[in-house]
*Asks:* 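Quick one: this structure, given as structure tokens, is what I'll be asking you about.
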Amino acid sequence: MRRILGAALILMIIGLSLPMGSAKIEPYVYKPTVPETAFAVLALYQTGDYDKVLEGCEWLVALKTPFDSWGMAYGEEHMAKYTAMAMLALMRGENIARGRYRDVLNGAAYWLIYKQNPDGSWEDYTGTALAVIALKEFLNGYINENLTGFEKQVRDAINRGEGWLIEAKPKTDAERIFGYLALGKKDELEKMGAEGELKAYRAFALAYLGEKVELSDDFESTVAMAMALYSTGDEKYRRELLEKEHFGFWGVLHYRVLDLLSASKVGGFEDLRDIACPYLGKITPGDDWERVILADYYLLCNMTPELPSNHSGLFPWQVAEIARVKALLGENYSDEVGYLLSTARNGVWKDFYNTAYVVWVLRKLNVSHDYGASLSYLSNNLTWMLKTKDPKTGNPVYYNVPTYYFAYALIVFSEFGMEKELNETLNLLAERQYPNGAFPYTPGSVAGLTSTAKTVWALQRAGLANTTAYTKGVSFLRNVLYADIPKTTVEGGVARLTNATFLLIRDGRYVGNLTDEAKVSELDGYVVIYPSQNPVMISAYVVKGFRAAEGVGENDKIAYLYIGAGALLIAMAVLIMRRKERGGEREKK
């Protein structure tokens, strides 16, 4: 995934050389994952969305390891289950662009055989079941016949895998569904009850085995949605699945929801809320601290937060935050203000950060209060942190202070016209800012989105959006969270896009690729990979129309007749072996 993120930064540089209006800046906050992309491909192949199938397949190729195997996402441990999922998807792509995925499929099958355990299993029950399903389908017209003895190796691996599945016991309903599918146990699937997302899993398995399925439930996960579409062809599921596509792939958020919402407070980044807010409801606060921290994010998403009523276990800044949130909700916040005013000691609330935050909120709420002592403390404490050195490290004390502490103090110094303190804090932040514009939590630490977003927002709130620190911070957020996606132009039957690879499909076959431009008028269609190395965007375009060769679908039913027969033979063999073993034990006794 590092190479994909790196590509996003490269793309931003490339975008600077593009003509005005030729690129569209889009949020790039998801990462492609194998389960979501693979099952989306399976479903959309069923509905004839062959352009989307090819986009997903090319992303899967981009995510594979050098061994033609897959993990859940790029850079993660490759496993049988994910390799099998990718194989099932790529076999659909091979039907549309014959010759494009054949070598990868054979490499993946070889990797599965190589990784099979002596007892016939792969890493777990699901991995074994999916590997059996993929290898069985792989024999249905995708094997390289020039590889001597390879077909026998594949069949032997399938037989050993089926034997293990018959002996092993699934631990979950999901494992049971995939096991029944691998062994062709249609009757058991029909008898099996399923709830929630597993309804889609069961429907998928039955549909794969050739059964007509009815399903009308709503599903949240992309995988379940894809399975529901595969099994029913319902336009509702198709529409929902296509809405979850990102630049040709399906996946999950690469960044934390709270990171995205923090960035959305900065001007120009508000559109991130539409992406992040649907996920916020899945975060459940576990205690009062978390309720306070999440409250502001709930407001950003037009959700009503649950606020604690007991203040004794909270920091002063948290009580102030409750007051601020209540004010925004139109609720009475006098208890919180009264608590804060009664707990101040000579204008100080606990420490530098708590005092700055409380003063900011009280001023924002127009609370009548003598702020002199508080401001004097903040000024003196800032001077002390700048001049005093840590005896252990020799660095100034402020090196150990989180960046966002100073960010909120900056707002206070701005609102009270404290120019000296404002400039000192601004210089401190500029010194701490990395060359790429990011602000770390503390000097030398990893530059986080939240730390940068909070600091940039504070600069904006303090009226310092014209500073270099603000401009560089915004640039960092934009470079990380967005990508300039250029458009492919077509003129005179020639498609063009600089630094892109064009995959050409004609008469149902992959006929090669070209860089930067390609004549496309006589093609079924073509796939654009941009940039050519480490893709950020993959798009397929229809010309005369993509077509799918026969091989997947009707033949699945025939294949699973063999699976059922093979499973029966293996079961009989296992029974005979057990009887022999028991008989041998009796003779020994």
Side-chain angles (χ1 to χ4, degrees), residues 9 12-13 15-16 25 27 255 258-273 296 300 317 324 352-353 355-357 359-361 363-364 371 374-375 378-387 395-482 484:
L9 297 178
M12 299 303 293
I13 297 170
L16 295 176
I25 298 175
Y255 303 102
L258 302 188
D259 286 339
L260 297 178
L261 289 175
S262 293
S264 78
K265 295 177 70 175
V266 177
F269 292 83
E270 294 86 356
D271 57 348
L272 294 175
R273 294 178 199 174
D296 185 50
L300 289 174
W317 82 264
R324 188 184 73 86
F352 183 83
Y353 173 67
T355 301
Y357 202 97
V359 168
W360 171 60
V361 171
R363 173 71 171 224
K364 189 177 181 67
Y371 294 97
S374 301
L375 299 176
L378 291 174
S379 177
N380 293 335
N381 198 256
L382 176 64
T383 300
W384 175 79
M385 286 190 286
L386 292 172
K387 292 184 176 180
N395 294 324
V397 171
Y398 75 83
Y399 270 42
N400 303 321
V401 178
T403 303
Y404 69 88
Y405 280 26
F406 297 110
Y408 281 95
L410 195 73
I411 300 173
V412 173
F413 295 147
S414 174
E415 293 196 357
F416 283 91
M418 301 169 68
E419 292 295 328
K420 173 178 172 292
E421 291 80 3
L422 179 70
N423 289 327
E424 287 177 340
T425 306
L426 187 58
N427 289 336
L428 183 156
L429 291 173
E431 171 196 306
R432 184 170 291 194
Q433 191 174 28
Y434 289 159
N436 65 355
F439 288 96
Y441 180 75
T442 53
S445 64
V446 176
L449 277 175
T450 295
S451 182
T452 302
K454 284 187 174 182
T455 306
V456 172
W457 171 82
L459 287 165
Q460 175 183 293
R461 183 69 178 76
L464 298 169
N466 60 341
T467 60
T468 301
Y470 176 85
T471 302
K472 288 173 63 179
V474 167
S475 178
F476 169 78
L477 292 174
R478 191 159 294 284
N479 287 344
V480 170
L481 297 172
Y482 290 78
D484 288 331

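The figures that follow rest on heavy atoms only: side chains count, while hydrogens, waters and symmetry mates do not.
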*Asks:* Salt bridge (charged side-chain N to carboxylate O under 4.0 Å, His left out): which pairs involve residues 442-455, sequence neighbours left out?
*Replies:* none

*Asks:* Taking all non-hydrogen atoms of both residues, which atom of Phe352 and which atom of Phe406 are closest, and how far apart?
*Replies:* CE2-CD2, 4.1 Å

*Asks:* Check whether any side-chain heavy atom of Leu464 lies under 4.5 Å from a side-chain heavy atom of Tyr470, and answer yes or no.
*Replies:* no

*Asks:* Judged by atom type as modelled, is there a donor-acceptor pair below 3.5 Å linking the side chain of Ser451 to the main-chain atoms of Pro440?
*Replies:* yes

*Asks:* Quick one: do Leu386 and Leu382 satisfy side-chain contact (heavy atoms from CB on, under 4.5 Å)? Show the steps, please.
*Replies:* CA-CA 6 Å; Leu386 292 172; Leu382 176 64; 4.1 Å; yes

*Asks:* Can you confirm whether Val480 sits close enough to Thr452 that some side-chain heavy atom of one is under 4.5 Å from a side-chain heavy atom of the other?
*Replies:* no

*Asks:* So, for Ile25 and Arg478, which heavy atoms are closest and what is the spacing to 0.1 Å?
*Replies:* CG2-NH1, 4.0 Å

*Asks:* side-chain hydrogen bond (donor to acceptor under 3.5 Å, both in side chains): which pairs involve residues 406-423, sequence neighbours left out?
*Replies:* Ser379-Glu421, Glu415-Arg461, Lys420-Glu424

*Asks:* Ring centroid separation for Phe439 and Phe476, is it under 6.0 angstrom?
*Replies:* no

*Asks:* Check the angle between the aromatic planes of Tyr441 and Tyr404 and answer parallel, tilted or perpendicular using the 30° and 60° thresholds.
*Replies:* tilted

*Asks:* Who passes side chain to side chain contact (heavy atoms under 4.5 Å, CB included) against Thr471, sequence neighbours left out?
*Replies:* none

*Asks:* Is the shortest side-chain heavy-atom distance between Leu426 and Leu422 below 4.5 Å?
*Replies:* no

*Asks:* Minimum heavy-atom separation for Leu272 and Pro27, please, with both atom names.
*Replies:* CD2-CB, 4.2 Å

*Asks:* Rounded to the nearest 0.5 Å, what separation is found between the CG atom of Leu260 and the CG atom of Leu477?
*Replies:* 10.5 Å

*Asks:* To the nearest 0.5 Å, what is the distance between CG on Leu410 and OG1 on Thr455?
*Replies:* 9.5 Å

*Asks:* Could you tell me which non-hydrogen atom of Ser374 sits nearest to which non-hydrogen atom of Val359, and how far apart they are?
*Replies:* CB-CG2, 3.6 Å

*Asks:* State, to 0.1 Å, how close Thr450 and Leu258 come at their nearest heavy-atom pair, and which atoms those are.
*Replies:* OG1-O, 4.3 Å

*Asks:* Which pairs count as salt bridge (charged side-chain N to carboxylate O under 4.0 Å, His left out) when at least one residue sits in residues 398-407, sequence neighbours excluded?
*Replies:* none

*Asks:* Just wondering, do Met385 and Leu428 contact through their side chains at under 4.5 Å, heavy atoms?
*Replies:* no

*Asks:* Among pairs that include at least one residue of residues 260-273, which meet salt bridge (charged side-chain N to carboxylate O under 4.0 Å, His left out), considering only residues two or more places apart or in two chains?
*Replies:* Lys265-Asp296

*Asks:* Would you say that Arg363 contacts Val412 through its side chain, given a criterion of any heavy-atom pair below 4.5 Å between the two side chains?
*Replies:* no

*Asks:* Rounded to the nearest 0.5 Å, what separates atom OG1 in Thr355 from atom CG in Asn381?
*Replies:* 8.0 Å

*Asks:* Test: side-chain hydrogen bond (donor to acceptor under 3.5 Å, both in side chains). Region: residues 425-438. Which pairs qualify, not counting sequence neighbours?
*Replies:* Tyr398-Glu431, Thr403-Arg432

